[in-house]
Amino acid sequence: TALPISGEGHDRSVLTFPGQQEALIQQVKNASKGHVIMVLMTGQPLDISWEKENLDGILWVGYPGQSGGQAIAEVLFGQYNPGGRLPYTMYPADYVNQISFFEMSMRASPGRTYKFYTGKPVYLFGDGLSYTTFEYQWMSSNYSRESFLATKSVTSGDMPSFRVKVQNTGHMAGDTVVLAYVNSTTPGAPLKELIGFDRINLEPGKSQEVFFGFPPQIFSTVTETGCRVIHSGKYWVTVGDLHHVVHLHGEPVVLKRNPFKQGARSE
């Protein structure tokens, strides 16, 4: 049963299940002689560490709407192959004691969201499983793994692009969401940042190339003064377990200045 733990003018103060819900889940698991699958209906992060370690499966459905029951049944009985990705990070319950609710800085220790959280999450943003398996293969990039001048890239209008081959290596047709991230050695940069995604459907044994084209801004970092700047350094573009390394050399390039700073103008 849902309890009013949050609403208009009232925020929740914990990341655990309300009431006796977790105790009920544990009792069901202890009494069951078969598999126990938890269907999680929530739009908020919860600490489901115990469920992760002890249950046979977890199906996160958010708020599935009027056809949710049919959709859930089709997934549980194998009639539909799920391909969704978790839209937020799930933190451990102690997270609420590590950072003040009134601290809105993304970087304040231990950090907020998948971009800056340095702790061990229960589940990561972008996590998700399928009834089949997919294999990624790096096909090409229009940038060398060695180096290029950031200044030339920006002023010439070049568009970084990457191609990845995705193959369904399992025995069931299904969707996969291909996520592309970037991270770098630049001080203050996110641990990683989503820069592109594509959802594709593949029959068993079939493959498809996924193309990602990005503006040079994917290599930029927002400074404390609100400017977006590309710095020299080492950058990783990550797709699945594949990593493409790019080294940037040259003077920093300011892409956008803080519009609220007196005299600022965009480049």
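Just so we're clear, the structure is a prediction, and the values are computed from it rather than from any experiment.
Residues passing the side chain to side chain donor-acceptor pair (under 3.5 Å) test with Ser49 are Asp47, sequence neighbours excluded. For Thr169, the side chain to side chain donor-acceptor pair (under 3.5 Å) partners two or more places apart in sequence, or in a different chain, are Thr133. For Arg199, the side chain to side chain donor-acceptor pair (under 3.5 Å) criterion is met by Asp175, not counting sequence neighbours. For Gln70, the side chain to side chain donor-acceptor pair (under 3.5 Å) criterion is met by Glu74, not counting sequence neighbours. Applying the side-chain contact (heavy atoms from CB on, under 4.5 Å) criterion to Ser67, with sequence neighbours excluded, gives no partner residue.
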Practice item. Carefully, step by step, assess Trp60 and Tyr123 under the rule ring pair (Phe, Tyr, Trp, His ring centres under 6.0 Å). Key: CA-CA 11 Å; Trp60 182 92; Tyr123 282 106; over 10 Å; no

Exercise for review: List the steps and the verdict of side-chain contact (heavy atoms from CB on, under 4.5 Å) for Val182 and Thr238.
Suggested key: CA-CA 6 Å; Val182 67; Thr238 303; over 6 Å; no

Check your understanding: Going through the checks in order, is the ring pair (Phe, Tyr, Trp, His ring centres under 6.0 Å) test met by His244 and Trp236?
Key -> CA-CA 6 Å; His244 183 82; Trp236 292 266; over 10 Å; no

Exercise for review: Could you go through the side-chain contact (heavy atoms from CB on, under 4.5 Å) check for Met90 and Ile48 one step at a time?
Suggested key: CA-CA 8 Å; Met90 288 190 172; Ile48 53 174; 3.8 Å; yes

Check your understanding: Arg107 and Lys115: side-chain contact (heavy atoms from CB on, under 4.5 Å), yes or no, with the steps?
Key -> CA-CA 9 Å; Arg107 294 173 171 83; Lys115 292 184 179 181; over 6 Å; no

**Study point:** Pair Leu55-Ile25, side-chain contact (heavy atoms from CB on, under 4.5 Å): steps then yes or no
**Key:** CA-CA 9 Å; Leu55 300 186; Ile25 294 169; 4.1 Å; yes

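With values rounded to the nearest 0.5 angstrom, Leu242 atom CG is found 12.5 Å from Phe162 atom CZ. Note: Tyr136 OH to Phe134 CZ = 7.5 Å, rounded to the nearest 0.5 Å. Summarising the geometry, atom CD belonging to Glu251 is positioned 7.5 Å from atom OG belonging to Ser232; distances are rounded to the nearest 0.5 Å. In this structure, Leu191 CG and Thr118 OG1 are separated by 7.0 Å, a value rounded to the nearest 0.5 Å. Rounded to the nearest 0.5 angstrom, Gln27 CD and Gln20 CD are separated by 8.5 Å. To the nearest 0.5 Å, the span separating OG1 on Thr16 from CD on Gln21 amounts to 10.0 Å.
When every heavy atom of Pro121 is checked against every heavy atom of Gly119, the shortest pair comes out as CD-O, 3.3 Å. Closest non-hydrogen pair, Ser100 versus Arg112, comes out as O-NH2, 3.2 Å. Considering every non-hydrogen atom in both Asn183 and Pro190, the closest pair reads CB-O, 4.3 Å. Across every non-hydrogen atom of Gln44 and Thr42, the tightest pair is N-OG1, 3.0 Å.
By the neighbour-count criterion of 12 heavy atoms within 6.0 Å, atom CD of Glu224 is sparsely surrounded, having that number or fewer from other residues, nucleotides or ligands. Few gaps surround CG on Leu24; more than 12 heavy atoms of other groups in view lie less than 6.0 Å from it.
Through direct or relayed side-chain contacts under 4.5 Å between Ile, Leu, Val, Met, Phe, Trp and Tyr, Tyr181 connects to Tyr114, Phe125, Val177, Leu179, Leu194, Phe197. The other residues sharing a hydrophobic cluster with Tyr95 are Leu15, Tyr91, Val96, Ile99, Tyr117, where clustering joins ILVMFWY side chains under 4.5 Å apart. Grouping Ile, Leu, Val, Met, Phe, Trp and Tyr by side-chain contacts under 4.5 Å, direct or through others, puts Val39 with Ile37, Met41, Leu59, Val61, Ile72, Val75, Leu76, Phe77, Tyr80, Tyr131, Met172.
The hydrophobic clustering, which links ILVMFWY residues whose side-chain heavy atoms are closer than 4.5 Å, places Val222 and Phe116 apart.
Between the side chains of Thr132 and Ser130, not a single donor N or O lies within less than 3.5 Å of an accepting N or O.
Using a 4.5 Å cut-off on side-chain heavy atoms (C-beta onward), Ser220 and Val229 make no contact. Residues Phe219 and Ile195 form no side-chain contact, since every pair of their non-hydrogen atoms from C-beta on lies 4.5 Å or further apart. Taking 4.5 Å as the limit, some side-chain heavy atom of Thr113 sits within range of a side-chain heavy atom of Met106.
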Identify every side-chain donor-acceptor pair in residues 204-217 under 3.5 Å, counting partners at least two apart or on other chains, and give the distances.
none

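Pairs of residues two or more places apart, or lying in two chains, that qualify as side chain to side chain donor-acceptor pair (under 3.5 Å) and include a residue from residues 185-195 are Ser184-Thr186, Thr186-Tyr235. Pairs engaging residues 51-70 under the salt bridge (Lys or Arg N to Asp or Glu O under 4.0 Å) rule: Lys29-Asp56 [sequence neighbours left out]. Listed by first and then second residue, the salt bridge (Lys or Arg N to Asp or Glu O under 4.0 Å) pairs that reach into residues 80-102 come to none, sequence neighbours excluded.
Of the possible polar contacts, one joining the Thr223 side chain to the Cys227 backbone as a donor-acceptor pair under 3.5 Å is found.
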